[in-house]
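Everything below concerns the one structure shown next.
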Amino acid sequence: MANGPFLSTLVCPPADGAARPSVLVVDQRADHRRFLRSSLQRRCRVVTAASCEEGAVHLRHGPPRGLVLGRLPEGEGQEAFRAALRRTGAPATLTLWATRPPSDAVDAALRHPFTRADLIRAVDRLLRAGATKREDGRGEAGKGVAARFRP
């Protein structure tokens with residue numbers, strides 16, 4: 001592919017053995033987690049969590065480059081998740097929503113219904129923007145997510 005070097009890693013998946021960005025997906029619905037994982041797994045190292053508590057455990061083991069937040073259970077483990085986000089320096093965050101737009105504490109949002117291609121483009125932009133912010137010193141991606149996180 002002649003344009004390979006100019007296309008992003010999500011649009012043009014990396015060759016076997018190449019470094020892939022890590023993405024944590026947190027969503028209470030198993031079918032959503034499966035769709036998100038299958039959509040991104042060729043392009044990213046995807047870890048999924050069904051709750052805020054489980055997401056906090058994954059964050060403590062090593063911060064991902066990107067965080068995709070779907071539907072989360074009310075109240076359960078949210079403080080532990082916020083604390084883990086603060087400790088790890090919140091990654092670039094994409095919030096998926098259907099009825100209520102997310103707060104301004106996220107880096108990007110994607111409204112349901114969306115296609116696999118929409119998701120891939122949104123995560124690609126998210127990871128590129130997060131990398132740019134870290135490289136040029138304009139601040140951290142995800143800044144403010146930990147302080148104002150409301151699933």
Side-chain angles (χ1 to χ4, degrees), residues 7-13 19-151:
L7 295 175
S8 78
T9 58
L10 291 183
V11 174
C12 183
R20 295 180 297 162
S22 60
V23 174
L24 172 61
V25 171
V26 184
D27 195 305
Q28 71 179 11
R29 294 191 52 183
D31 58 331
H32 289 190
R33 289 192 310 275
R34 279 190 300 273
F35 171 76
L36 295 166
R37 176 188 286 282
S38 70
S39 298
L40 299 172
Q41 69 185 359
R42 288 188 54 226
R43 297 157 177 88
C44 301
R45 287 177 287 124
V46 181
V47 176
T48 61
S51 67
C52 290
E53 291 166 328
E54 189 179 347
V57 169
H58 288 299
L59 286 170
R60 285 191 294 268
H61 281 90
R65 283 219 11 233
L67 175 64
V68 178
L69 296 175
R71 181 184 292 179
L72 302 176
E74 296 284 327
E76 213 176 290
Q78 290 180 14
E79 186 52 43
F81 192 68
R82 276 192 292 270
L85 283 169
R86 283 190 296 269
R87 279 191 302 275
T88 61
T93 304
L94 171 67
T95 299
L96 309 176
W97 65 284
T99 58
R100 182 182 58 169
S103 70
D104 62 349
V106 297
D107 297 300
L110 186 60
R111 186 175 183 175
H112 287 277
F114 54 85
T115 66
R116 189 175 302 260
D118 294 334
L119 175 66
I120 290 169
R121 278 191 298 273
V123 171
D124 180 49
R125 282 191 303 267
L126 179 79
L127 294 175
R128 280 188 287 133
T132 302
K133 286 180 184 178
R134 287 185 182 102
E135 288 169 6
D136 71 9
R138 287 186 297 174
E140 289 184 52
K143 189 171 183 157
V145 174
R148 294 180 271 172
F149 172 73
R150 286 189 308 256

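It should be emphasised that the depicted structure is a prediction, and the values quoted were computed from it without experimental measurement.
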State, yes or no, whether a side-chain contact exists between T48 and L36 at a heavy-atom distance under 4.5 Å.
no

Pairing residues for R111 by the side-chain contact (heavy atoms from CB on, under 4.5 Å) criterion, not counting sequence neighbours
W97

Show, in sequence, the C-alpha distance, side-chain angles and deciding distance for L94 and L119, and conclude whether the side-chain contact (heavy atoms from CB on, under 4.5 Å) test is met.
CA-CA 10 Å; L94 171 67; L119 175 66; 4.2 Å; yes

Can you establish whether the number of heavy atoms outside R71 located under 6.0 Å from its atom CZ is more than 12?
no

Under the rule for side-chain contact (heavy atoms from CB on, under 4.5 Å), what residues qualify as partners of R116, not counting sequence neighbours?
F35, S38, S39, I120

R20 side chain to R45 backbone, donor-acceptor under 3.5 Å:
no

Holding to side chain to side chain donor-acceptor pair (under 3.5 Å), I want the full list of residues that pass it with S22, two or more places apart in sequence or in another chain.
none

What's the shortest heavy-atom distance between P91 and D107, and which atoms?
O-OD2, 4.0 Å

Check C44 against V23 and note the closest heavy-atom contact, atom names and distance.
SG-CG2, 3.8 Å

So L59 and P64, do their side chains get closer than 4.5 Å, heavy atoms only?
yes

Taking salt bridge (charged side-chain N to carboxylate O under 4.0 Å, His left out) as the cut-off, I'd like each qualifying pair that reaches into residues 25-34, sequence neighbours left out, listed once.
R29-D31

Pairwise side-chain contact, L85 with T93, heavy-atom cut-off 4.5 Å (strictly under):
no

Name all residues meeting the side chain to side chain donor-acceptor pair (under 3.5 Å) criterion together with T115; count only those two or more places apart in sequence or in a different chain, and write none if there are none.
D118

How many angstroms lie between atom CG of L40 and atom CG of D124, to the nearest 0.5 angstrom?
10.5 Å

Donor-acceptor under 3.5 Å (R37 side chain, V46 main chain)
yes

Less than 4.5 Å apart, side chain to side chain, heavy atoms only: is that true for L96 and P102?
no

Tell me every residue that passes side-chain contact (heavy atoms from CB on, under 4.5 Å) with E54, counting only those two or more places apart in sequence or in another chain.
A49, A50, S51, H58

Closest non-hydrogen atoms of G55 and L24, given as atom of the first, atom of the second and distance, are O-CD2, 3.8 Å

Tell me which pairs pass ring-ring contact (aromatic ring centres under 6.0 Å, His included) where either residue lies in residues 110-130, with sequence neighbours left out.
H32-H112, H112-F114

